[in-house]
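What follows is a single structure, written as structure tokens, with notes after it.
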Amino acid sequence: MGHVKLLATSSSPPCRRIEWALKLKGVEYEYIEEDLANKSPLLLQCNPVHKKVPVLIHDEKPIAESFVILEYIDESWEGYPLLPVDPYQRAMARFWAKFADEKSLIGVWQACCAQGEEQEKAVESALETLKILEKKVEGKKFFGGEKIGFLDIVMGWIPLWLNALEEVGGMKLLDAESLPLLHEWSQNFIQVPVIKENLPPKEKVISYFQFGRDYMLSLAANK
Ligand SMILES: N[C@@H](CCC(=O)N[C@@H](CS)C(=O)NCC(=O)O)C(=O)O
């Protein structure tokens with residue numbers, strides 16, 4: 001198995017993806033919490049390009065970027081499969097994961113940091129991306145089928161983090177009426193023991209986003 005270290009911050013959705021995947025695979029790891037306001041020499045050395053968490057270090061070899069790490073974990077350890085076996089289904093899981101990250105997560109974050117009319121437009125646009133995504137879970141318990149897989153893990157920010165973003169941004173996107181299938185998926189996902197037992201406290205996520213939002217608003221005000 002080798003020695004596995006994870007450089008992460010507990011409130012970060014990309015970092016949680018890696019913890020969930022390691023736990024699903026039954027891989028033991030050393031968790032190292034990073035202070036993003038004062039990044040460690042180890043993080044800067046392991047991810048000199050982006051200087052971001054998560055970073056997985058397997059036998060002294062660092063890997064950055066959560067999607068790349070998830071695939072590395074899936075290829076390196078047997079047991080619970082993250083990506084489907086069929087090449088086309090694998091390609092689809094990667095495609096929708098990219099969309100979920102680049103359009104939905106970023107879109108909701110932009111809506112959270114916007115105000116007034118700009119926020120209304122950003123909420124509408126983020127909602128559209130979530131509506132596209134929820135069609136992918138129609139007729140299934142999880143995006144991965146009967147069990148959670150790669151796309152479920154990537155979208156795992158929705159149950160807790162989306163709720164925190166809604167609270168911080170004073171907006172509402174996900175409920176049983178606006179997105180019934182995604183709402184149901186979210187309830188199912190949060191019940192999976194590995195997920196339920198490995199979530200950060202909501203207050204911590206709220207203060208993480210509050211800090212980020214205040215920072216973005218101060219940048220916009222000083223333009
Ligand atoms: N695309 C990256 C995003 C990673 C990311 O944005 N990490 C944030 C924490 S959620 C970070 O390290 N931020 C520090 C910084 O931007 O300086 C991934 O999926 O791993």
Side-chain angles (χ1 to χ4, degrees), residues 4-24 27 29 31-58 61-76 82-83 93-113 126 129 133 143 148-169 195 198-220:
V4 181
K5 285 185 205 165
L6 175 63
L7 309 187
T9 55
S10 63
S11 302
S12 144
C15 295
R16 282 288 155 175
R17 290 172 187 159
I18 310 308
E19 291 209 77
W20 293 332
L22 290 169
K23 287 183 190 291
L24 285 168
V27 177
Y29 61 97
Y31 179 89
I32 303 172
E33 176 79 12
E34 271 293 325
D35 174 3
L36 294 181
N38 183 20
K39 294 173 184 171
S40 72
L42 183 61
L43 173 62
L44 301 177
Q45 179 200 325
C46 291
N47 190 1
V49 175
H50 297 301
K51 305 177 178 66
K52 290 185 179 191
V53 288
V55 174
L56 188 82
I57 309 174
H58 186 199
K61 294 184 298 252
I63 307 135
E65 285 295 312
S66 64
F67 287 12
V68 178
I69 303 172
L70 286 178
E71 293 211 29
Y72 178 84
I73 291 172
D74 209 18
E75 288 166 7
S76 301
L82 302 179
L83 276 161
R94 292 183 181 114
F95 175 88
W96 288 111
K98 193 166 180 323
F99 178 85
D101 216 37
E102 291 176 2
K103 298 289 179 194
S104 287
L105 178 52
I106 301 293
V108 175
W109 172 241
Q110 284 168 345
C112 174
C113 294
T129 68
L133 277 167
F143 289 93
I148 62 167
F150 187 82
L151 185 53
D152 297 276
I153 290 173
V154 167
M155 291 181 61
W157 59 276
I158 288 182
L160 175 75
W161 284 265
L162 174 55
N163 190 250
L165 284 162
E166 287 175 330
E167 224 169 293
V168 171
I195 307 301
N198 292 288
L199 286 170
K202 190 172 160 197
E203 317 75 65
K204 211 169 165 193
V205 175
I206 287 184
S207 55
Y208 177 72
F209 286 141
Q210 190 68 60
F211 178 82
R213 183 177 192 265
D214 291 348
Y215 177 70
M216 297 304 281
L217 290 177
S218 74
L219 283 186

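Order of appearance sets the numbers: ligands from 1, and atoms from 1 within every ligand. All residue numbers in this chain count up from 1 along the given sequence.
- In terms of protein heavy-atom proximity, atom 1 (N) of ligand 1 is nearest to Glu65 OE1, 2.9 Å.
- The residue from His50, Lys52, Lys51, Arg17 that puts a heavy atom closest to atom 16 (O) of ligand 1 is Lys52.
- Residue-environment remark: NZ (Lys39) exceeds the threshold of 12 foreign heavy atoms within 6.0 Å.
- A side-chain donor from one of Glu19 and Tyr29 sits under 3.5 Å from a side-chain acceptor of the other.
- One finds the CG atom of Leu22 at 4.0 Å from the CD1 atom of Ile73 (value rounded to the nearest 0.5 Å).
- Residue Tyr208 places a heavy atom less than 4.0 Å from ligand 1.
- Across every non-hydrogen atom of Leu56 and Leu6, the tightest pair is CD1-CD1, 4.4 Å.
- Residue, atom and distance of the protein heavy atom nearest to atom 20 (O) of ligand 1 are Ser66 N, 2.8 Å.
- For the residue pair Glu33 / Thr9, no side-chain donor-acceptor distance below 3.5 Å is found, with atom types taken as modelled.
- Counting atoms of ligand 1 from 1 in the listed order, those under 4.0 Å from a heavy atom of Pro54 are 20 (O).
- Of the candidates Lys39, Glu34, Glu102, Arg16, Lys39 brings a heavy atom nearest to atom 14 (C) of ligand 1.
- Among protein heavy atoms, the minimum distance from atom 8 (C) of ligand 1 is reached at Val53 O, 3.9 Å.
- Here the side chains of Asp101 and Phe67 are in contact, with some heavy-atom distance below 4.5 Å.
- The atoms of ligand 1 that sit less than 4.0 Å from any heavy atom of Ser12 are 9 (C), 10 (S).
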